[in-house]
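Below: the structure, in structure tokens.
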Amino acid sequence: MMGEWFHLTWVEFLAILAMCAATYSTRLLGWWLLKDRTLSPKVRAVLDAAPGCVLVAIAAPFFFTTNPVHLIALVVAIAVSRKNGMAATVLAAVGTAAVLGRMIG
């Protein structure tokens, strides 16, 4: 049943792996370059805000959609984010979009 949900070619799968490697390598490079440095409070605040900024950049286009699946997932994300952390918010929104996308099409 799960195989029916994902129809990836090998090229798509390798592209996803390459994107994962590129993303993770930037984290490793940042850690390696900053591991022996003392960061100022301003720099620390910028680095702490970065993950939230990336998620906002990903989610922003969904505010301008008419797709009901995306709109419902957006409402779920907003509702979950009011009481839970980022991981729970992302999981709830992606799960909602996946299930509704499968049900509605």
Side-chain angles (χ1 to χ4, degrees):
M1 172 116 176
M2 192 61 119
E4 295 175 10
W5 285 39
F6 302 104
H7 300 285
L8 294 178
T9 66
W10 280 106
V11 173
E12 293 166 336
F13 180 72
L14 291 175
I16 291 170
L17 286 179
M19 288 185 280
C20 289
T23 301
Y24 191 69
S25 67
T26 60
R27 294 182 65 89
L28 279 177
L29 184 62
W31 173 81
W32 184 69
L33 290 172
L34 298 175
K35 69 179 179 178
D36 295 327
R37 297 180 188 231
T38 303
L39 302 176
S40 71
K42 287 183 181 181
V43 171
R44 173 61 64 193
V46 168
L47 292 175
D48 288 342
C53 293
V54 171
L55 279 178
V56 168
I58 292 168
F62 291 101
F63 283 94
F64 301 100
T65 185
T66 58
N67 183 328
V69 171
H70 294 167
L71 290 172
I72 293 169
L74 182 61
V75 169
V76 168
I78 292 169
V80 172
S81 71
R82 310 229 340 116
K83 298 280 184 181
N84 298 289
M86 191 180 309
T89 301
V90 171
L91 287 174
V94 170
T96 301
V99 170
L100 290 178
R102 182 71 174 159
M103 291 171 49
I104 296 172

Checklist entry - Counting heavy atoms not belonging to K42, are there more than 12 under 6.0 Å from its NZ? => result no
Taken to the nearest 0.5 Å, the spacing of L91 CG from N84 CG works out to 10.5 Å
Value for CG (L29) from CG (L34), rounded to nearest 0.5 Å, stands at 9.0 Å
Members sharing L74's hydrophobic cluster, built from side-chain contacts under 4.5 Å between Ile, Leu, Val, Met, Phe, Trp and Tyr, are F63, F64, I78
To the nearest 0.5 Å, atom NE2 of H70 lies from atom CG of L100 at 10.5 Å
When every non-hydrogen atom of V80 is compared with those of A92, the smallest separation belongs to CG2-CB, 3.7 Å
Nearest heavy-atom contact between L71 and T65 is CD2-O, 3.6 Å
Correct closest heavy-atom pair for A93 and A73 would be O-CB, 3.6 Å
